[in-house]
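For the single chain, residues carry numbers from 1 onward in sequence order.
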Amino acid sequence: MQYLPNDNRYQSMEYRRCGNSGLLLPALSLGLWHNFGHIDNLENARNILRTAFDNGITHFDLANNYGPPAGSAEENFGRLYKDDFVPYRDELIISSKAGWGMWPGPYGDWGSKKYLVASLDQSLKRMQLDYVDIFYHHRPDPSTPLEETMGTLDLMVRQGKALYVGISSYQPEEAAKAISILKQLGTPCLIHQPKYSMFDRWVEDGLLDVLEQNQVGCIAFSPLAQGLLSNKYLNGIPANSRAASHRGNGAIEEDAISDEKIAKVQQLNTLAIERGQNLAQMALAWVLKDKRITSVLLGVSKPEQVLDSIRCLENYSFTKEEQERINKILA
């Protein structure tokens with residue numbers, strides 16, 4: 001049956017301007033890092049994408065190595081895009097990245113022009129797209145001159161293969177240099193994608209200041225610490241959880257979930273209940289409370305989690321007392 005999206009899909013989603021650009025992103029975007037590979041159920045993936053778009057989530061975020069196996073998330077997205085979303089391409093923001101190991105040999109990793117050009121060409125074929133809206137360098141490369149890597153991002157825009165470019169996981173000083181080079185080239189850095197959650201607050205030590213000063217957007221990945229900041233791990237590690245799946249590809253493992261972490265999660269959950277939210281909703285709201293954050297990336301395994309997450313937008317204000325209590329729990 002032909003997919004017809006919800007006519008009211010834009011009524012409840014909040015959209016935030018991305019840096020100093022003309023682009024608006026939904027406050028919640030959908031990440032395809034996990035649950036969209038060949039080891040996953042394709043119909044479930046389809047239902048997640050449909051549910052997201054039906055509720056105003058217009059941004060789907062991928063990378064060349066998402067799966068597993070690497071590349072399979074883009075392949076599956078391409079199939080689902082062709083089936084369901086081709087008529088709505090101009091309503092979508094689709095992004096991909098390159099920077100981690102993708103194929104054997106010296107040209108399948110890091111940040112050389114050789115690698116980035118080949119990788120984006122491969123990604124476009126897998127996703128059955130003419131262009132991506134955002135193309136990221138996925139991580140800094142200590143061995144390739146930054147001018148080469150940023151020059152290649154500029155080239156991708158000039159060739160029409162990407163509309164905008166961004167960087168991911170760059171430290172503050174590295175980000176400032178990359179942003180400066182791209183500005184000089186005439187292709188501004190649209191956005192930075194760092195890991196950011198209650199349990200991983202490194203962006204507060206300078207990166208958010210750099211992005212604000214340069215009017216660059218910020219989209220946070222792993223805002224729920226891969227599910228740790230949800231009800232899933234309140235009583236330990238469930239057998240059907242991501243931590244117990246050993247799926248690889250950067251997924252959380254059991255050794256990342258200590259008794260100390262569980263104790264903090266339980267305390268945070270108590271506060272969330274007092275706020276009228278569940279823990280996941282509060283954790284998303286906590287990231288979104290900062291006006292420097294353009295969007296947060298949801299990583300979900302079922303459509304219902306999309307709907308549950310969107311409810312975080314009902315309240316992302318925190319009192320001074322609540323923030324102090326959270327800081328004390330996290331200390």
Trainee: Only pairs under 3.5 Å count here: list side-chain donor-acceptor contacts from residues 143-151, not counting sequence neighbours, and write none if there are none.
Mentor:
from: Thr144; atom 1: OG1; to: Asp141; atom 2: OD2; distance (Å): 2.6
from: Glu148; atom 1: OE2; to: Lys113; atom 2: N; distance (Å): 2.9
from: Thr149; atom 1: OG1; to: Gly111; atom 2: O; distance (Å): 2.7

Trainee: Is the shortest side-chain N to carboxylate O distance from Arg325 to Glu274 below 4.0 Å?
Mentor: yes
Trainee: Under 4.0 Å between a side-chain nitrogen and a carboxylate oxygen: does that hold for Lys183 and Asp154?
Mentor: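 A salt bridge is absent here (no side-chain N lies under 4.0 Å from a carboxylate O).
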Trainee: Only one of Leu23, Leu24, Leu25, Leu288 passes side chain to side chain contact (heavy atoms under 4.5 Å, CB included) with Arg16; say which it is.
Mentor: Leu288
Trainee: By the ring pair (Phe, Tyr, Trp, His ring centres under 6.0 Å) test, which pairs, at least two apart or in different chains, include something from residues 102-132?
Mentor: Trp103-Tyr115
Trainee: Answer yes or no: is there a side-chain heavy-atom contact under 4.5 Å between Asn35 and Val300?
Mentor: no
Trainee: Inspect the surroundings of NZ in Lys177 and state if more than 12 heavy atoms from other residues, nucleotides or ligands are less than 6.0 Å away.
Mentor: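 It does not: Lys177 NZ has 12 such atoms or fewer within range.
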Trainee: Is a salt bridge present between Asp61 and Lys97, judged by a nitrogen-to-oxygen distance below 4.0 Å?
Mentor: yes
Trainee: Would a 4.5 Å heavy-atom cut-off, applied to side chains only, mark His38 and Pro69 as touching?
Mentor: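 The answer is yes, as the side chains (C-beta and beyond) meet within the 4.5 Å cut-off.
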Trainee: With sequence neighbours excluded, tell me which residues meet side chain to side chain donor-acceptor pair (under 3.5 Å) with Tyr316.
Mentor: Glu14
Trainee: Got a sec, which pairs hit ring pair (Phe, Tyr, Trp, His ring centres under 6.0 Å) with one end in residues 178-225, sequence neighbours left out?
Mentor: Tyr196-Trp286
Trainee: How would you list all residue pairs meeting side chain to side chain donor-acceptor pair (under 3.5 Å) that involve residues 207-222, not counting sequence neighbours?
Mentor: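 Residue pairs with at least one partner in residues 207-222: Asp209-Arg292.
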Trainee: Working to the nearest 0.5 Å, report the span between CD of Gln266 and CG of Leu271.
Mentor: 14.5 Å
Trainee: If we only count heavy atoms from C-beta on, is the Tyr10 to Glu91 side-chain gap below 4.5 Å?
Mentor: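 Tyr10 vs Glu91: side chains touch.
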Trainee: What do you reckon, are the aromatic ring centroids of Phe53 and Phe85 less than 6.0 Å apart?
Mentor: yes
Trainee: Do the side chains of Lys302 and Asp308 get close enough for a salt bridge, i.e. N-O under 4.0 angstrom?
Mentor: no
Trainee: So do the side chains of Val117 and Met156 get within less than 4.5 Å of each other, counting heavy atoms only?
Mentor: yes
Trainee: Following the transitive rule for hydrophobic clusters with a side-chain heavy-atom cut-off under 4.5 Å over Ile, Leu, Val, Met, Phe, Trp and Tyr, establish whether Leu32 and Trp100 coincide in one cluster.
Mentor: no
Trainee: Within this structure, what is the OG-OH distance for the pair Ser95 and Tyr164, rounded to the nearest 0.5 Å?
Mentor: 13.0 Å
Trainee: Per the ring pair (Phe, Tyr, Trp, His ring centres under 6.0 Å) rule, what does the pair list look like for residues 11-32, sequence neighbours excluded?
Mentor: none
Trainee: Tell me whether Ile329 is reachable from Val287 by hopping between hydrophobic residues (I, L, V, M, F, W, Y) whose side-chain heavy atoms are closer than 4.5 Å.
Mentor: yes
Trainee: If hydrophobic clusters are built by linking Ile, Leu, Val, Met, Phe, Trp and Tyr wherever their side-chain heavy atoms come under 4.5 Å apart, do Ile273 and Leu330 end up in the same one?
Mentor: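 Shared cluster, no.
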Trainee: Any heavy-atom pair between the side chains of Arg275 and Glu322 that's under 4.5 Å?
Mentor: yes
Trainee: Count the heavy atoms of every other residue, nucleotide or ligand shown that sit under 6.0 Å from CD of Glu204, and state whether that count exceeds 12.
Mentor: yes
Trainee: Just wondering, are more than 12 heavy atoms of other shown residues or ligands nearer than 6.0 Å to CD in Gln323?
Mentor: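 Atom CD in Gln323 is packed in, count exceeds 12.
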Trainee: Tell me every residue that passes salt bridge (Lys or Arg N to Asp or Glu O under 4.0 Å) with Lys82, counting only those two or more places apart in sequence or in another chain.
Mentor: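 Lys82: no salt bridge (Lys or Arg N to Asp or Glu O under 4.0 Å) contacts found.
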Trainee: So Leu163 and Val157, do their side chains get closer than 4.5 Å, heavy atoms only?
Mentor: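 No; the side chains remain at least 4.5 Å from each other.
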Trainee: In a table with atom names and distances, give each donor-acceptor pair under 3.5 Å that connects a side chain of residues 165-172 to protein atoms at least two apart or in another chain.
Mentor:
from: Ser168; atom 1: OG; to: Gln193; atom 2: O; distance (Å): 2.7
from: Tyr170; atom 1: OH; to: His137; atom 2: ND1; distance (Å): 2.7

Trainee: Aromatic rings Phe60 and Phe77: how do their planes relate, parallel, tilted or perpendicular, breaks at 30° and 60°?
Mentor: perpendicular
Trainee: So Pro223 and Leu284, do their side chains get closer than 4.5 Å, heavy atoms only?
Mentor: yes
Trainee: Got a sec, which residues hit salt bridge (Lys or Arg N to Asp or Glu O under 4.0 Å) with Lys195, two or more places apart in sequence or on another chain?
Mentor: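 Salt bridge (Lys or Arg N to Asp or Glu O under 4.0 Å) list for Lys195, sorted by chain: empty.
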Trainee: Please name all residues satisfying salt bridge (Lys or Arg N to Asp or Glu O under 4.0 Å) with Arg79, sequence neighbours left out, ordered by chain then number.
Mentor: none
Trainee: Is there a continuous path of hydrophobic side-chain contacts, each under 4.5 Å between heavy atoms, that joins Ile262 to Leu224?
Mentor: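 Yes; Leu224 is reachable from Ile262 via cluster members.
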Trainee: Not counting sequence neighbours, which residues clear side chain to side chain donor-acceptor pair (under 3.5 Å) with Asp84? List them please.
Mentor: Arg46, Arg50
Trainee: Would one find more than 12 heavy atoms of other residues, nucleotides or ligands at under 6.0 Å from atom NZ of Lys264?
Mentor: yes
Trainee: Evaluate the side-chain proximity of Glu304 to Leu307: yes if any heavy-atom separation is below 4.5 Å, no if none is.
Mentor: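 The answer is no; the side chains never approach within 4.5 Å.
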Trainee: Sequence neighbours excluded, which residues qualify as side chain to side chain donor-acceptor pair (under 3.5 Å) partners of Thr270?
Mentor: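 Thr270: no side chain to side chain donor-acceptor pair (under 3.5 Å) contacts found.
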